[in-house]
*Asks:* 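Here it is, the structure, as structure tokens.
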Amino acid sequence: QPQQTSTEDSNPNMSPVIGAARRANSDGSLNSYSPAKETLISHERLASQADKETVQSRAQGSSRGDASGALAALQDYGVEAILRQVVRDAIASSDVQAKIRECTVRVINAGRSAGVRREDQLAQTLLHEGLVDLVKSQCSMNMAKLDTCGTQAVVDDVHTRAGPDVPTAPGPGDPCLFVTVVQGRAFLEHGDEAEAHYTADHTPQFMLYMSFQGQRLKSLPVTASCDPFFNYRFVFSLPDDRDNPFDIVEPVHVVLMREQTGELPTLVSVHELCWQQLVLQSNEAEPNADADVSADGDSSAAPAGEVGAGSGLVAVELGGVGASSHVPAGILHIRVGIRRGTFTSVDLATARAKATLLRSESIRRDRLFLLYAKQWWKEYLDIRSSHRDRLVKIFVPNESGKNQLACLCVQVLRPGRLLDTPREAARFVSLLRHETVPVLGASQQRSKAEQWGHVHTILARGGGDTEDHATLLCGLLLGLGVEAYVCVGTKSIKTPGGGREEVVHTWVMSMGPKGEMIFWESLTGEKWVHPRAVAGARVRLPHAFCTIGCVFNHESFFANIQPSDFLDECSVDLNKPALWKAMSRDAIASLTQASARMPPPLHRSIMDVAATAERLEVELRAQIGHYRRDLGLGITWNLNLSPILVQCLAAYELEKITDVAANAAEFQHTIKRAIPTGHTFKGFPLQCTTCEPASIMQECVRDVMCSEILQARGDQVQHSLHVKIFPYPENTAAVWLMLAVTYRSVL
């Protein structure tokens, strides 16, 4: 046992945190030998010993011929890394941590009394007290789960697919594309998180999201670390109305998120996986055209009807996002393959030649459009020299820092049965989280980097910047049959000093039923009818938008060529070529139609709104009670008044999605009947987009009216609270709460 321990100490695959702790202990004195460090070492020593014993037992089973196919795949991936992760999960999920800590402290104290450090005694104690056997039993259960998780096709069971054109999960014989993500490497920014949060409840986790052919799938969460172990398989349906699956030019859109309880999700990387090239390049030496095709280079090893049984993996480098787009975020080791199903025989040589031709055609098409855009821009500047200063964005940067045509950011989204009206779509978009992309080293707090996200990225993040909200709302309006455009201009906002300034802003414009133009603020869901321009006069604007430079959607682009770009002086009638210069629709279609990307579907909400609202009420009542007791005040709850408050909350949300103010006469009459004579009633509604009680309580304290109710004084003071949650797609929700108080005034 001591010899095995010393061998593991020199293992180059050891965690850098473990290795650093061991070197410090071996070179330092007894004073630097702490129980926390030794517990960390004990975890690694226990993992190493259990790894070897598990490998030996599995090797014996393989020699007897009873090893499973999942075990063979695990051995191909690399037994050491996988079993080490399994053992760590076993330690974290069992009660072995407390026993290890107790054993470590006992051995350390004995070593200090004798004046020596007893690593050998610690290893023997861990073995003799049965801790290794306990971990091995937990590993057996984890391995069973691992085999099931890693070998079954991944279908998003949490979110039910919705929409008229969304395919269902592929059957056993249906054609499909599968992407197996085995492990990540070199995610250096997250190298210390796995050890730092090893025993914490709020461990940061990685989550992979993929979108392809109108299908959205996500992986199970894994611990965020330098080398995360996913072992997850994504399976996408392929259309069976094509003779060759390589005719599909759409890539797989991959989004990697870092999520942690109590913190906002962080976008780690966005990547477009060109699966066609990976499959074809890996099968260049495979002459059998009748076999299924995979990216492991060994289609003959695949069982009947299945693909991807070989051991080869493809390393895909993921780039950073925003200001870190030029720095790699990490590497994913994946396997990509297709199952032909009802496809006819695939000639790989013809498919490779066609793929090369398509890449050449794409390069030629981009070059021709760039030449056209340069000529169009020159003509635009020749009209008026001041046009150079206007906000006309033909190309915009995406998450990876690459410039793309602005029209490609808008995709027509059909919400199916999840959203019924444009107002409801605007309400849903306004509930998504608004977060800006900061500039590294920016001196001002409002400085941000420009980043136009893909629709799948926006939905996976659950929010985005102003541009993301505008493109998403425009796509939903187009899907509902509304003629909509994204507008780029400026907006007047308040400054911290009390003044006003203009900032670059993005919003949505749609055509009304009577030909009027309607402006939508995608961040709040508000809309205004823009007044028609009057020649020689300024019109009064009902909104805060100031100037407009260009408008666009998925098939058109217009630039403002009027003498003034101020909205109170110019017209937004896009049908007048003398006022708006349009790009060629054919030129735009050459790029948008060539990509042929099916938009990702919306997922219905799975939130249990009744249980969540009840939980929020209980926790908020407890926090409000603590808040008043800190002020030296008591708290009494009037539970009979709570059901009456829900009438008002339902009316507020109805007004948001219908733009019709509800009649408050019934609510006022009910309140008067419930309040005793001589008492005063105060109530204030508050709307939030989070279900975290701590965040809601902070909002209540910051609000002036809520703060007055929380600190109410008087005779017979009674508080009431009611929470109402209105669900929307993508697990977003409008959380309304009414906080009220009744009391008898004392002069």
Side-chain angles (χ1 to χ4, degrees), residues 156 161-167 175-177 179 208-218 234-239 241-242 244-256 269-279 316 336 338 354-355 358-359 361-363 365-366 369 395-400 402-416 451-461 464 467-468 470-479 484 486 552-557 585-603:
D156 195 353
R161 293 183 174 93
D165 302 325
V166 178
C176 63
L177 166 71
V179 181
L208 270 174
Y209 298 83
M210 292 193 184
S211 175
F212 176 72
Q213 287 286 293
Q215 304 162 73
R216 288 174 56 199
L217 304 178
K218 68 176 182 179
F234 299 83
V235 179
F236 300 96
S237 298
L238 291 175
D241 56 350
R242 300 194 183 190
N244 192 338
F246 296 101
D247 292 340
I248 303 174
V249 298
E250 179 182 354
V252 177
H253 194 267
V254 182
V255 177
L256 178 62
S269 179
V270 176
H271 182 77
E272 290 191 346
L273 183 65
C274 298
W275 59 274
Q276 305 90 339
Q277 299 180 17
L278 296 178
V279 174
V316 177
V336 184
I338 59 174
K354 188 172 183 180
L358 289 176
R359 287 195 295 270
E361 180 65 21
S362 177
I363 295 175
R365 188 167 49 246
D366 293 343
F369 183 84
F395 298 96
V396 294
N398 60 10
E399 308 96 328
S400 302
K402 299 179 181 179
N403 287 332
Q404 62 180 3
L405 180 64
C407 300
L408 293 175
C409 299
V410 180
Q411 289 185 286
V412 180
L413 300 176
R414 294 181 175 86
Q451 176 178 301
W452 296 66
H454 190 275
V455 176
H456 177 231
T457 307
I458 301 171
L459 296 178
R461 296 174 63 184
E467 298 84 3
D468 301 329
T471 55
L472 180 60
L473 177 58
C474 182
L476 288 172
L477 294 180
L478 291 170
V486 176
F552 61 89
N553 58 15
H554 64 299
E555 59 184 8
S556 58
F557 187 96
R585 284 178 173 257
D586 294 336
I588 296 175
S590 66
L591 295 184
T592 57
Q593 294 180 3
S595 60
R597 301 183 181 184
M598 295 180 62
L602 294 180
H603 287 159

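The basis for the numbers below is simple: all heavy atoms, side chains too, and nothing from hydrogens, waters or symmetry mates.
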*Asks:* Would you call F552 and I588 a side-chain contact if the rule is heavy atoms closer than 4.5 Å?
*Replies:* no

*Asks:* How close do P415 and L476 get, heavy atom to heavy atom, and via which atoms?
*Replies:* CB-CD2, 4.4 Å

*Asks:* Please evaluate residues S237 and Q215 with respect to the criterion side chain to side chain contact (heavy atoms under 4.5 Å, CB included), reporting the C-alpha separation (whole Å), side-chain torsions for both, the decisive distance (0.1 Å), and the verdict.
*Replies:* CA-CA 8 Å; S237 298; Q215 304 162 73; 3.6 Å; yes

*Asks:* Can you see which heavy atom on S556 is nearest to which on C407, and at what distance?
*Replies:* O-SG, 3.6 Å

*Asks:* Evaluate L358 against S362 for side chain to side chain contact (heavy atoms under 4.5 Å, CB included), listing each step before the verdict.
*Replies:* CA-CA 6 Å; L358 289 176; S362 177; over 6 Å; no

*Asks:* Mind listing the closest non-hydrogen atom pair of A460 and V255 along with its distance?
*Replies:*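 Closest heavy-atom pair between A460 and V255: CB-CG1, 4.1 Å.
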
*Asks:* How about F236 and C176: do any of their side-chain heavy atoms sit closer than 4.5 Å?
*Replies:*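 No; the side chains remain at least 4.5 Å from each other.
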
*Asks:* Checking the side chain of Q404 only, and the main-chain atoms of C409 only, is there a donor and an acceptor separated by less than 3.5 Å?
*Replies:* no

*Asks:* Which atom pair, heavy atoms only, marks the closest approach of L413 to P599?
*Replies:*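 Nearest pair, atom of L413 first, then P599: CD2-CB, 3.4 Å.
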
*Asks:* Do R597 and P251 come within less than 4.5 Å of each other through their side chains, counting heavy atoms only?
*Replies:*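 Yes, at least one pair of side-chain atoms sits under 4.5 Å.
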
*Asks:* Okay, side chain of R365, backbone of L591: is any donor-acceptor separation there less than 3.5 Å?
*Replies:*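 Judged by distance alone, no pair lies under 3.5 Å.
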
*Asks:* Does a side-chain heavy-atom distance below 4.5 Å link F246 with I338?
*Replies:*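 The answer is yes, as the side chains (C-beta and beyond) meet within the 4.5 Å cut-off.
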
*Asks:* Ignoring hydrogens and geometry, is there a side-chain-to-backbone donor-acceptor pair from E399 to H454 under 3.5 Å?
*Replies:* yes

*Asks:* Measure the acute angle between the ring planes of F369 and F395, then classify it against the limits of 30° and 60° as parallel, tilted or perpendicular.
*Replies:* perpendicular

*Asks:* What is the minimum heavy-atom distance between N553 and C474, and which atoms define it?
*Replies:*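 What the structure gives for the nearest pair is CB-SG, 4.4 Å.
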
*Asks:* Which atom names give the shortest non-hydrogen contact between N398 and Q451, and what distance separates them?
*Replies:* O-CG, 4.0 Å

*Asks:* Within the structure provided, determine whether I248 and P239 are in side-chain contact (heavy-atom separation under 4.5 Å).
*Replies:* yes

*Asks:* Using the side chain to side chain contact (heavy atoms under 4.5 Å, CB included) rule, take T592 and E555 through it: C-alpha gap first, then chi angles, then the decisive distance, then the call.
*Replies:* CA-CA 8 Å; T592 57; E555 59 184 8; 5.9 Å; no

*Asks:* Just by modelled atom types, is the E250 backbone N or O under 3.5 Å from a matching donor or acceptor in the W275 side chain?
*Replies:* yes

*Asks:* With sequence neighbours left out, what residues match H456 under ring-ring contact (aromatic ring centres under 6.0 Å, His included)?
*Replies:*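 Partners of H456 under the ring-ring contact (aromatic ring centres under 6.0 Å, His included) test: H253.
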
*Asks:* In the structure I gave you, are the side-chain heavy atoms of V179 and V254 within less than 4.5 Å of one another anywhere?
*Replies:* no

*Asks:* Calculate, to the nearest 0.5 Å, the distance between atoms CG and CD belonging to L472 and Q411 respectively.
*Replies:*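 Answer rounded to 0.5 Å: 10.5 Å.
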
*Asks:* Can you find a pair of side-chain heavy atoms, one from T457 and one from D468, that are under 4.5 Å apart?
*Replies:* no

*Asks:* For a side chain to side chain contact (heavy atoms under 4.5 Å, CB included) check, start with the C-alpha distance between L273 and F212, then their side-chain angles and the critical distance, and finish with the verdict.
*Replies:* CA-CA 10 Å; L273 183 65; F212 176 72; over 6 Å; no

*Asks:* Can you check whether L177 reaches V336 side chain to side chain, under 4.5 Å on heavy atoms?
*Replies:* yes

